[in-house]
Amino acid sequence: MPDGPLIVQSDKTLLLEVDHEQAAACRRAIAPFAELERAPEHVHTYRLTPLGLWNARAAGHDAEQVVDTLLEYSRYPVPHALLVDVAETMSRYGRLQLVAHPVHGLVLHALDPAVLAEVLRSKRTSGLLGERIDATDVVVHPSQRGHLKQVLVKLGWPAEDLAGYVDGEAHAISLAQDGWTMRPYQEQAVDSFFHGGSGVVVLPCGAGKTIVGAGAMARSSTTTLILVTNTVSARQWRDELIRRTSLTEDEIGEYSGARKEIRPVTIATYQVLTLKRKGMYPHLELLDARDWGLVVYDEVHLLPAPVFRMTADLQARRRLGLTATLVREDGREDEVFSLIGPKRFDAPWKDIEAQGYVAPAECVEVRLTLPDTARMTYATAEPEERYRLAATAPGKNRVVESLVARHRGEPTLVIGQYLDQLHELAEHLGADLITGETPVRERQRLFDAFRTGEISTLVVSKVANFSIDLPEAAVAIQVSGSFGSRQEEAQRLGRIMRPKADGRTAHFYTVVARDTVDQDFAAHRQRFLAEQGYAYTIVDAEDLEQGSTGQRV
DNA sequence: TATACTGAAA
DNA sequence: TATAGTTCAGTATA
């Protein structure tokens, strides 16, 4: 195609012209295998990575499809070397297989003896492999299954794990069918997960990931261990499971800081599992406390390093990872890939929105020009103080005030990172504030008041990043965030994406100080959502009160 | 004996 | 990059 929207370069970057009429179709076509790297106004940069290509491969795409997609949308002839490279990278996935051998147990089987020879020569596999059976097979100690997969990914030969799983202890679980059924994409996600065995399901916030978990549990009907980020989330899982499945309160245990119950379905927090005392992990026994048939990782992108290590030992059990965003800022995506599994299902956020299951959202970046004195302070500040200085610029108070006024009557969340700033804002707005030090009872009271509409504005800290369920929230105003965290941005947008009763559009504002690191971090944070098709409108803070709409990006 | 508060840890 | 949230254990309170 001579006028395609895509420029494919030999350094493995893909440049997408955003205003091209085929841009949307192209974005959709390359999404399964390319990662968005930068998203300024006119040209978005995607990158081809081995991990992206292997995920696509695991999802059933072959190299031919990827090559065809590139050729179809490319404006210029595609570098031949790049096409060869794509084909070679993709063909690396699955040349090694982990299989169950009737005599030798777990075996690493190579479709190509040379690959096995190369892998065996590496020092990194030395402690992980046992006896060599023949030219294409070598024994793997079952306890090294996860470590081996990690090493193989790093060596560039990701193994396809076909060794299967222990059944686990059977436990009858069915979905409660009182006039309610899973949504089509949830069914598909469960199917894809089961077909693949282990892996990750990526769905937007508010799209019902818990239901996918429940569906997987019903399908396997085994004892299940669910790992979640915090106690509040654990309670929400329990309530949802009681509502949506045949499980009763007695069958569901909570293993958290507060309680230590072990039941056929046990919900545990990452925190308690990774608690370290005197160099020991006293709660690790939970993993062996029962013969779990399924392990569910909620918010799998947050898995801390110790849980990765523990998970390496759990490879014989089915593992389902759930997340809204697989991206992490610490570059551990490959560990999720090798230890939980490849991406099994991924629905573009805009598709779910089009089906009406999440609310449409409009994202606006409000830029505030710092007064001269503040700019001088900023310019002379130490680099490590700069973000805080810019992010907590006093001028933001007025901007937030006018945004709240603009949406008067709509349930509004003001979200920030710095407690001082939030205290000040809460006072300014005459609104209530929820932070980590707010007692659970008080949080509950405020959330309830917010849900019923008694309170229309709530100022919240990082506590609101995850899993708080405020269906009615329609407006979010972000004043500061964790540096450039893409997944935090996605989670915060997620707070307002529950569909509204009247189908209203949700509004997401991010207030940044112009020409500072605050603006740079904001740009980085927005990348993931840009990849999902959310365009940020940029508005000048001074124009805000005059009702200008700004320019679309 | 149960519950509330505080500080430390990773 | 630093900050904030979470949990646990020790101490105070009723």
Side-chain angles (χ1 to χ4, degrees), chain A residues 226-237 254-261 266-286 298-299 301-310 328-332 378 381-393 396 413-426 433-447 458-468 478-489 491-492 495 512-513 516-525:
Chain A
I226 302 169
L227 301 176
V228 301
T229 52
N230 58 38
T231 319
V232 176
S233 175
R235 307 265 161 86
Q236 279 174 7
W237 266 88
E254 176 183 319
Y255 197 97
S256 67
R259 291 182 220 170
K260 300 283 184 294
E261 303 157 350
T266 298
I267 308 173
T269 57
Y270 291 139
Q271 301 266 0
V272 82
L273 210 58
T274 56
L275 180 83
K276 200 174 173 180
R277 279 290 133 100
K278 296 170 193 147
M280 309 265 287
Y281 292 99
H283 299 299
L284 253 188
E285 59 190 25
L286 175 65
D298 190 27
E299 313 283 9
H301 59 281
L302 293 175
L303 278 200
V307 176
F308 276 127
R309 284 198 289 278
M310 298 164 188
R328 309 172 58 111
E329 307 304 339
D330 63 2
R332 300 193 94 117
Y378 174 81
E382 295 296 322
E384 55 270 27
E385 292 170 348
R386 286 189 157 188
Y387 177 67
R388 187 177 186 135
L389 262 176
T392 61
K396 286 191 177 181
L413 293 172
V414 178
I415 313 178
Q417 141 111 337
Y418 296 102
L419 295 179
D420 296 349
Q421 178 183 34
L422 294 174
H423 279 286
E424 202 177 302
L425 263 168
L433 171 67
I434 298 181
T435 71
E437 59 187 328
T438 312
V440 176
R441 189 169 285 271
E442 175 76 353
R443 291 185 201 188
Q444 211 60 55
R445 186 184 71 78
L446 290 169
F447 284 146
L458 209 47
V459 181
V460 291
S461 71
K462 265 166 72 170
V463 287
N465 272 15
F466 309 105
S467 305
I468 55 156
Q478 173 175 246
V479 292
S480 52
S482 312
F483 301 91
S485 169
R486 288 170 282 176
Q487 59 94 0
E488 182 177 77
E489 185 97 346
Q491 294 289 347
R492 287 176 171 180
R495 292 306 108 228
V512 304
T516 67
V517 285
D518 191 18
Q519 186 179 323
D520 301 338
F521 283 134
H524 186 266
R525 286 201 303 258

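Naming: A, B, ... by sequence-line order, numbering from 1 per chain. Bear in mind that the values here come from a model prediction, so they are computed numbers and not experimental data.
Partners of A:Y387 according to the side-chain hydrogen bond (donor to acceptor under 3.5 Å, both in side chains) rule, which considers only residues two or more places apart in sequence or in another chain, do not exist here. Under the salt bridge (charged side-chain N to carboxylate O under 4.0 Å, His left out) criterion, A:E488 pairs with A:R492, sequence neighbours left out. Residues satisfying the salt bridge (charged side-chain N to carboxylate O under 4.0 Å, His left out) test with A:R386, not counting sequence neighbours, are none. Legend: residues meeting salt bridge (charged side-chain N to carboxylate O under 4.0 Å, His left out) with A:E385, ordered by chain and number and at least two apart, are absent. Looking at residues two or more places apart in sequence or on another chain, you find a salt bridge (charged side-chain N to carboxylate O under 4.0 Å, His left out) between A:R388 and A:D420. Under the rule for a side-chain hydrogen bond (donor to acceptor under 3.5 Å, both in side chains), the partners of A:E254 that lie at least two apart in sequence or sit in another chain are A:R235, A:S256. Partners of A:E437 by side-chain contact (heavy atoms from CB on, under 4.5 Å), not counting sequence neighbours, listed by chain and number: A:H423, A:T435. Taking A:T269 as the reference, nothing meets the side-chain hydrogen bond (donor to acceptor under 3.5 Å, both in side chains) condition, with sequence neighbours excluded.
Side-chain contact check for A:V479 versus A:Y418: every heavy-atom pair is 4.5 Å or farther apart. Looking at heavy atoms from C-beta onward, A:V463 lies in side-chain contact with A:R443 at the 4.5 angstrom threshold.
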Using the 3.5 Å cut-off, write out each protein N or O paired with an N or O of nucleotides 4-9 of chain C and the distance between them.
residue	atom	partner	partner atom	Å
C:dA4	OP1	A:L419	N	2.8
C:dG5	OP1	A:G436	N	3.1
C:dG5	OP1	A:S461	OG	2.1
C:dG5	OP2	A:G436	N	3.4
C:dT6	OP2	A:R443	NH2	3.1
C:dT7	OP1	A:T231	OG1	2.5
C:dT7	OP2	A:T231	OG1	3.3
C:dC8	OP1	A:K260	NZ	3.2
C:dC8	OP2	A:G257	O	2.6
C:dC8	O3'	A:R277	NH1	3.2

Pairwise N/O distances under 3.5 Å, protein to nucleotides 5-7 of chain B:
none

Distances for protein N or O near nucleotides 11-13 of chain C N or O, under 3.5 Å:
none

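When rounded to the nearest whole Å, the span between NE2 of A:H423 and P of C:dT3 equals 15 Å. In this structure, A:F483 places its CZ atom 8 Å from P of C:dT3, rounding to the nearest Å. Distance, A:E488 CD to C:dT1 C1': 14 Å, rounded to whole Å. The CD-C1' distance, from A:E385 to C:dT3, rounds to 14 Å in whole Å. The interatomic distance linking A:F521 (CZ) with C:dA2 (C1') rounds to 10 Å, in whole Å.
Taking CD1 of A:I226 as the start and CG of A:D298 as the end, the distance is 8.5 Å to the nearest 0.5 Å.
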Dot-bracket assigned to DNA chain C with the 3.5 Å Watson-Crick/G-U criterion, [ ] for crossing and | for other-strand pairs, is .....|||||||||
